[in-house]
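Worksheet: one structure, shown below.
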Amino acid sequence: MTTVRKALAAVVAAGLLAACGGSGDEGGTGGSGSAAGGSGKPPIGAEKPLRTPVKAPEGFDTSKGWQETVTWLPEGARTAPVDAAPEAGVVAFLQRDGGAYTVEARDAVTGALRWKGEPWEPPAAEDDGGLSMRAPQIPRLLVVHEKGREYVVVWAHGLQGEDALSKGEKVISLALYPAGSSGEKVVPAHTVTVPADTRSGDVEVRDGGDGLLVRWKDLGWNAAAVDVSTGRFETYRADQELPVYCRKVGCGSGEVGALSPAGPVIALSTRGFGVDGGWQASDAVPPGVDTEEYERYKDGRLWTTAGDHVISSWTAEDDPLGRPVWAVHDLSTGKLEMSAPCRTVERSADAPPRPVLSANGRYAVIGALALDLERGRAHCFGETDQRKGVRLLSVGDDGTAYGFAGGDGTTESAPVAVSLSTGEPEVLPQDTEVPFLSLPKAGGFSPMADGGGLLFVFHPRG
């Protein structure tokens with residue numbers, strides 16, 4: 001049962017893009033007027049009751065809380081449409097209402113409905129005749145923090161304009177809501193439609209650092225940089241170049257992997273990344289990287305961003321465990337901030353999990369890797385000859401991260417808490433649920449639900 005709970009929590013966490021923390025009260029998203037530390041705006045609905053308390057780690061009051069169920073997800077769905085806006089003090093859910101979908105933003109502590117979006121209709125799903133082995137394409141939800149404000153983003157990929165005569169156009173449709181909204185039938189601040197013709201069906205929308213990054217894969221990853229404050233966007237084909245690398249290893253095709261204040265961060269297929277006319281990762285190589293191999297292999301591979309930081313992996317020079325070197329660079333300057341050898345996933349060919357940040361933006365966890373972005377410290381909890389690997393799911397403002405140790409299919413996983421000040425994991429009682437959301441005043445848990453759907457339980461910190 002523990003292994004099952006672990007898998008469910010991992011699926012939930014993998015579908016989340018934790019909002020970047022930070023100061024500011026712009027647009028009514030900051031302040032501390034509400035019980036959740038949110039906007040102070042009155043709720044428009046009653047508090048949600050708690051019927052299924054969980055056995056939470058120490059520090060959460062399980063005598064109080066609330067719960068919500070998402071029942072519309074199809075079989076095989078790998079993500080959950082729920083995320084948190086910690087400055088606004090709300091947890092946002094995407095619920096289905098007939099053929100449309102509605103955002104419900106609830107107080108993180110009480111579950112009271114703070115605001116509800118007007119029904120949103122995604123583009124029509126493509127019909128593949130049941131031949132695809134991919135997970136079902138469903139609308140997604142995430143929270144991003146851009147230009148001092150939090151936004152709830154709802155998006156989906158599909159066909160627009162198809163009828164009896166027209167084949168329609170493949171697009172990625174997005175609706176952007178200020179997280180600090182109030183009232184019912186809240187309309188999006190902006191709606192965005194990005195043409196996205198992809199034969200592979202691979203699409204993603206995530207926080208790119210300095211803007212919302214929309215990507216779709218054809219022969220390579222094409223991209224669009226969306227300004228959430230205006231709804232405007234600029235597209236980039238998967239043929240970008242970094243002239244400084246052309247002189248070293250030839251001009252491999254490049255794709256936009258992040259968005260910096262100075263422009264898009266281009267990641268080359270031959271490895272290496274940077275900003276055209278700006279900083280280059282080759283000027284800030286982390287220690288322990290193999291520089292004796294061919295030039296093209298000494299540069300890093302950009303994976304993603306975590307707040308104002310770029311996450312990459314590099315080939316290690318001489319690591320007995322065969323681990324890559326993971327590095328963190330400043331998004332604006334390219335300055336190397338920290339690095340550590342680590343295997344963040346079980347297989348080296350797998351992409352790492354999405355970074356999960358603490359609400360204040362100081363800490364981040366990526367699978368087995370934990371980062372203190374303020375002090376420039378990286379901790380690796382990957383498997384070694386003597387130690388089982390730890391996969392971390394969430395981290396709080398106090399630097400306490402939660403996850404599971406072991407669970408490789410032959411042994412049961414164990415819930416753990418890790419203090420990033422000491423870097424030492426603590427094994428929790430076996431039936432403890434660990435939070436997939438670790439918010440300033442509450443924790444979010446996903447225990448097994450009776451019946452269909454996903455159950456989400458929230459307990460305040462006590």
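Between Val390 and Phe404, every side-chain heavy-atom pair lies at or beyond the 4.5 Å cut-off. Residues Val418 and Thr400 form no side-chain contact, since every pair of their non-hydrogen atoms from C-beta on lies 4.5 Å or further apart. Between Leu357 and Val395 the shortest side-chain heavy-atom distance does not fall below 4.5 Å. Contact check for Asp83 versus Val91: no side-chain heavy atoms found under the 4.5 Å cut-off. Annotation: side chain of Val154 is in contact with side chain of Val103 (closest heavy-atom distance under 4.5 Å). Using a 4.5 Å heavy-atom cutoff, the side chains of Ile266 and Val275 are not in contact. Tyr236 has its side chain out of reach of Asn222: every pair of non-hydrogen atoms, C-beta onward, lies at least 4.5 Å apart. Within the 4.5 Å cutoff, side-chain heavy atoms of Val70 are placed close to those of Phe93.
Within 6.0 Å of NZ in Lys217 there are 12 or fewer heavy atoms belonging to other residues, nucleotides or ligands. For Glu118, the CD atom sits in a packed shell: over 12 heavy atoms of surrounding residues, nucleotides or ligands are nearer than 6.0 Å.
With rounding to the nearest 0.5 angstrom, the CD1 atom of Ile366 is 11.5 Å from the CZ atom of Arg391. To the nearest 0.5 angstrom, Leu159 atom CG is 12.5 Å from Ser173 atom OG. Between the CZ atom in Phe458 and the OG atom in Ser446 there is a gap of 9.0 Å [rounded to 0.5 Å]. Within the model, atoms SG of Cys342 and CG of Leu369 stand 5.0 Å from one another, a figure rounded to the nearest 0.5 Å. Here Leu174 contributes atom CG and Thr191 contributes atom OG1; the two are 9.0 Å apart, rounded to the nearest 0.5 Å. Here the straight-line distance linking atom CG of Leu50 with atom OG1 of Thr110 works out to 12.5 Å at 0.5 Å rounding.
For Glu374, the side chain to side chain contact (heavy atoms under 4.5 Å, CB included) test picks out Arg362, Asp372, with sequence neighbours left out. Residues passing the ring pair (Phe, Tyr, Trp, His ring centres under 6.0 Å) test with Phe273 are His329, sequence neighbours excluded.
Checked by atom type and distance alone, the side chain of Thr304 never pairs as donor or acceptor with a backbone atom of Ile311 at under 3.5 Å. With hydrogens and angles disregarded, no donor-acceptor distance shorter than 3.5 Å links the side chain of Trp120 to the backbone of Val187. Panel note: side chain Ser181, backbone Pro178; a donor-acceptor pair is recorded below 3.5 Å. Of the possible polar contacts, one joining the Gln280 side chain to the Gly278 backbone as a donor-acceptor pair under 3.5 Å is found. One N or O on the side chain of Glu150 and one on the backbone of Glu87 form a donor-acceptor pair closer than 3.5 Å. Although no hydrogens or angles enter the test, the distance criterion places no donor-acceptor pair under 3.5 Å between the side chain of Ser260 and the main chain of Val265. A donor-acceptor pair under 3.5 Å is absent between the side-chain atoms of Lys170 and the main chain of His157, judged by distance alone. The closest donor-acceptor contact from the side chain of Gln67 to the backbone of Arg51 lies under 3.5 Å. With hydrogens and angles disregarded, no donor-acceptor distance shorter than 3.5 Å links the side chain of Asp210 to the backbone of Leu259. No donor-acceptor distance shorter than 3.5 angstrom exists from the side chain of Trp326 to the backbone of Ala340, with no hydrogens or angles considered.
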Checklist entry - How far apart are the C-alpha atoms of Arg301 and Ser312, what are their side-chain angles, what is the distance that settles it, and do they pass the side chain to side chain contact (heavy atoms under 4.5 Å, CB included) test? => result CA-CA 5 Å; Arg301 179 177 180 179; Ser312 61; 5.9 Å; no
Checklist entry - Between Val153 and Leu141, is a side chain to side chain contact (heavy atoms under 4.5 Å, CB included) present by the stated rule, with each step listed? => result CA-CA 6 Å; Val153 180; Leu141 178 148; over 6 Å; no
Item to check | Leu393 vs Val365, side chain to side chain contact (heavy atoms under 4.5 Å, CB included): CA-CA, chis, key distance, verdict | outcome: CA-CA 7 Å; Leu393 302 182; Val365 294; over 6 Å; no
Item to check | Step-by-step side chain to side chain contact (heavy atoms under 4.5 Å, CB included) determination, Leu392 to Phe381 | outcome: CA-CA 9 Å; Leu392 298 171; Phe381 301 99; 4.0 Å; yes
Item to check | Candidate pair Phe436 and Tyr402, rule ring-ring contact (aromatic ring centres under 6.0 Å, His included), full reasoning | outcome: CA-CA 8 Å; Phe436 73 91; Tyr402 295 97; over 10 Å; no
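Taking all atoms of both residues into account, the shortest heavy-atom contact from Leu302 to Ala267 is CB-CB, 4.0 Å. Here the shortest heavy-atom pairing between Leu176 and Leu212 reads CD2-CD2, 4.2 Å. Annotation for Pro286 and Ala327: closest pair CG-CB, 3.9 Å, computed over non-hydrogen atoms. For the pair Trp72 and Pro139, the tightest heavy-atom approach, listed with the atom from each and the gap, is CH2-O, 4.0 Å. Looking at every heavy atom in both residues, Pro447 comes nearest to Val54 through CG-CG1, 3.7 Å. For the residue pair Trp66 and Ala108, the shortest heavy atom distance occurs at NE1-O, 3.0 Å.
Here Arg232 does not pair with Asp227 in a salt bridge; the nearest charged N to carboxylate O distance is not below 4.0 Å. Of the charged side-chain nitrogens involved, none lies within less than 4.0 Å of a carboxylate oxygen, so that Glu184 and Lys116 do not count as a salt-bridged pair. Under the 4.0 Å criterion applied to side-chain N and carboxylate O atoms, Arg106 and Glu68 are assigned as salt-bridge partners. Contact check on Arg354 versus Glu204 returns a salt bridge, with a Lys/Arg side-chain nitrogen under 4.0 Å from an Asp/Glu carboxylate oxygen.
Between Arg461 and Ser438, the side chains place a donor N or O and an acceptor N or O closer than 3.5 Å (distance only, hydrogens not considered). No side-chain donor from either of Thr69 and Thr71 sits under 3.5 Å from a side-chain acceptor of the other.
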Which pairs would a plain distance check flag for residues 331-339, meaning a side-chain donor or acceptor within less than 3.5 Å of a matching protein atom at least two apart in sequence or in another chain?
{"from": "Thr333", "atom 1": "OG1", "to": "Asp330", "atom 2": "OD2", "distance (Å)": "3.2"}
{"from": "Thr333", "atom 1": "OG1", "to": "Lys335", "atom 2": "N", "distance (Å)": "3.2"}
{"from": "Glu337", "atom 1": "OE1", "to": "His309", "atom 2": "ND1", "distance (Å)": "2.6"}
{"from": "Glu337", "atom 1": "OE2", "to": "His309", "atom 2": "ND1", "distance (Å)": "3.4"}

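In summary, of the residues considered (Trp115, Tyr151, Trp155), a ring-ring contact (aromatic ring centres under 6.0 Å, His included) with Tyr177 occurs for Trp115 alone.
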